[in-house]
There are 2 protein chains.
Amino acid sequence: MPFSMMLRRFLDPQDRYCWEVMLSRRARQIERGSDLVREGDTPHFLYVVLAGWAQKYKQLQDGRRQIVGLFLPGDLCDLDALLVDRVDHNIAAVRDLSVAELTRTDVRQLAEDCPSLARLLFWSELAGAAAYREWMINVGQRSAIERIAHLLCEIYVRQQPDAGVRRRCDFFLTQSQVAEATGLTQVHVNRTLQELRARGLVQLRQRELHIENFGELAQIAQFTGDYLHREASSNNVDRLSYFLQSMGSRNETDAPDVIVELARRRA
Amino acid sequence: MPFSMMLRRFLDPQDRYCWEVMLSRRARQIERGSDLVREGDTPHFLYVVLAGWAQKYKQLQDGRRQIVGLFLPGDLCDLDALLVDRVDHNIAAVRDLSVAELTRTDVRQLAEDCPSLARLLFWSELAGAAAYREWMINVGQRSAIERIAHLLCEIYVRQQPDAGVRRRCDFFLTQSQVAEATGLTQVHVNRTLQELRARGLVQLRQRELHIENFGELAQIAQFTGDYLHREASSNNVDRLSYFLQSMGSRNETDAPDVIVELARRRA
DNA sequence: CGGCGGATTGAGCGGCTTCAAAAAGCGTGG
DNA sequence: CCACGCTTTTTGAAGCCGCTCAATCCGCCG
């Protein structure tokens with residue numbers, strides 16, 4: 001579930017207000033193609049996509065490039081980076097992009113003032129790991145047509161509000177970028193897209209994706225949106241809260257009574 | 001950095017004692033090849049590898065399989081799973097395996113009694129995301145020989161204590177499993193390993209990997225261990241602590257003074 | 001010794017790549 | 001509105017990397 005939807009469902013109006021105020025104060029425009037973050041940088045910001053798309057990618061010395069994640073409006077990007085000294089990936093604007101740049105202090109501020117928001121931040125981070133796994137089996141195991149079908153399905157579903165049935169959605173990637181996301185060449189992406197078009201499944205032109213037959217497309221891709229956690233319940237958030245409450249506790253010096261007692265019994 | 005090393009470096013003896021007692025109480029043997037976790041299961045445990053190797057993998061309906069992560073002794077496995085309703089991956093024993101199974105309650109208990117341990121848990125989870133990214137560019141962009149060289153480098157480095165110079169290490173994967181981890185076929189893995197052997201870089205036989213020329217192997221693979229975060233400083237842990245303290249705070253009802261004030265100034 | 005999982009080898013093929021060039025789209029400015 | 005330059009898409013032809021199918025070999029263990 002996109003972060004923005006989590007906010008609407010699980011955050012009370014006051015906290016949401018904090019969030020939106022903070023975003024509006026930190027907004028910044030990025031021109032298409034330019035990097036927000038480069039490998040080796042010291043991370044300074046948590047980015048929140050306001051409009052346009054961003055991509056996270058890695059690069060080899062010879063220029064080969066793999067897109068490892070896409071970020072659509074409302075998505076959080078790079079929370080985990082704030083926790084390391086040097087980032088190991090790049091982030092770039094897929095097209096003209098508007099983001100909010102939140103500093104560590106901003107995030108801390110928000111987390112202190114709106115604890116339930118803090119939990120959503122973490123939840124969103126963890127959901128990202130599931131997406132990495134799915135992309136990995138995509139690139140590692142699926143054929144060209146399956147990979148591309150899968151990517152199209154994901155991008156389509158991520159843009160559907162709740163249970164939408166719109167047939168079209170934005171699609172800002174060039175065929176070269178599709179290639180970088182799927183581990184194929186641009187030429188082969190082109191030919192494979194023609195194949196999908198010839199089968200009457202999709203149309204893809206000038207920044208717009210038309211899905212003609214989602215069922216068959218999803219079947220080719222073996223796509224299920226499970227890994228997107230679109231059905232996330234407040235259960236999940238509560239569960240996270242359950243852990244975080246204890247993890248964040250400040251009483252470092254408490255004796256670990258229960259465990260020591262366990263140990264004693266065992267000995 | 002493997003979790004076990006983090007423990008040694010950043011955890012005081014008392015907390016480490018808690019941890020080890022808990023592990024010893026929850027130990028369990030798993031026979032080679034059998035699954036600890038299956039896709040769709042409700043997650044119940046955080047697994048800690050005590051001896052042997054475990055693999056996390058995903059599978060398509062037709063049986064194609066991608067290994068998305070390997071877990072060596074001392075590694076944590078599947079903390080994030082505890083936060084969702086249904087897991088989206090499988091975990092299996094690469095060989096005969098000994099793990100500790102910690103329940104949610106166990107983890108909560110540990111987190112409450114040893115807050116610094118809790119932070120290490122989270123840190124370890126976040127480091128995992130970097131590994132996913134590296135595996136993705138591996139599978140997506142590198143050639144067969146590069147992929148395999150990279151996997152060998154990773155497994156070798158992960159088994160080196162601090163700045164070790166041992167030439168050999170355990171290697172429990174079959175060639176079929178190497179294939180599943182790299183997105184190649186078993187046959188081609190075999191031929192590529194012969195190539196590496198012929199070039200005098202490695203020897204790989206019966207559960208043991210000999211590295212003859214690590215420098216060249218790493219060069220072929222464009223391997224840098226950065227993504228393993230072996231040099232993690234206590235800085236990282238402190239930074240995590242900085243966030244978690246506020247995120248876990250219990251005072252849900254505090255007014256978000258600062259933010260509201262910001263909003264006022266802006267209006 | 002036989003059985004079995006794993007490694008090795010061979011031959012043929014095809015999916016995807018590579019290189020190169022042309023066509024089409026798109027923004028910009030005259 | 002058209003001309004121009006740039007990016008993106010499309011097409012062609014040739015070739016290779018890695019796949020498939022299938023058989024054999026090897027080492028280990030009961």
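A, B, ... follow the sequence lines: proteins, then strands. Residue 1 opens every chain. Values below: all heavy atoms of this structure, side chains included; hydrogens, waters and symmetry mates excluded.
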Next on the checklist: Counting the atoms with a prime plus P, OP1 and OP2 as sugar-phosphate, which does B:Arg191 contact under 4.0 Å by heavy atoms, base, sugar-phosphate, or nothing?
Outcome noted: base
Next on the checklist: Base, sugar-phosphate or nothing for A:Ser143? Non-hydrogen atoms, less than 4.0 Å.
Outcome noted: sugar-phosphate
Checklist entry - What about the rings of B:Tyr227 and B:His150, do their centers lie closer together than 6.0 Å? => result yes
Next on the checklist: Tell me if the CZ atom of B:Arg38 is crowded by more than 12 foreign heavy atoms within 6.0 Å.
Outcome noted: no
Checklist entry - If you look at every strand shown and take non-hydrogen atoms under 4.0 Å, does B:Leu193 touch a base, only sugar-phosphate, or nothing? => result nothing
Next on the checklist: Please tell me if A:Gln186 has a side-chain N or O lying less than 4.0 Å from either OP1 or OP2 of D:dT8.
Outcome noted: no
Checklist entry - Charged N to carboxylate O under 4.0 angstrom, B:Asp106 versus B:Arg25? => result no
Checklist entry - At under 4.0 Å, does any side-chain N or O of B:Arg95 touch on OP1 or OP2 of C:dG5? => result no
Next on the checklist: Using a 4.0 Å heavy-atom cut-off, does B:Gly33 contact any base of the nucleic acid, only the sugar-phosphate backbone, or nothing at all?
Outcome noted: nothing
Next on the checklist: Please tell me if B:Asn190 has a side-chain N or O lying less than 4.0 Å from either OP1 or OP2 of C:dT8.
Outcome noted: yes
Next on the checklist: Can you tell me which nucleotide in C:dT8, D:dT10, D:dT20 comes closest to the side chain of A:Arg197?
Outcome noted: D:dT10
Item to check | Side chain of A:Val187 (C-beta onward), nearest among C:dG6, D:dT11, C:dT9 | outcome: D:dT11
Checklist outcome for this item: In terms of heavy-atom contacts, B:Ala221 and B:Glu146 come closest through CB-O, 3.7 Å
Next on the checklist: By the 4.0 Å heavy-atom rule, please label B:Arg147 as base, sugar-phosphate, or nothing.
Outcome noted: nothing
Checklist entry - Touch check for B:Arg142, heavy atoms < 4.0 angstrom, all strands: base, sugar-phosphate only, or nothing? => result nothing
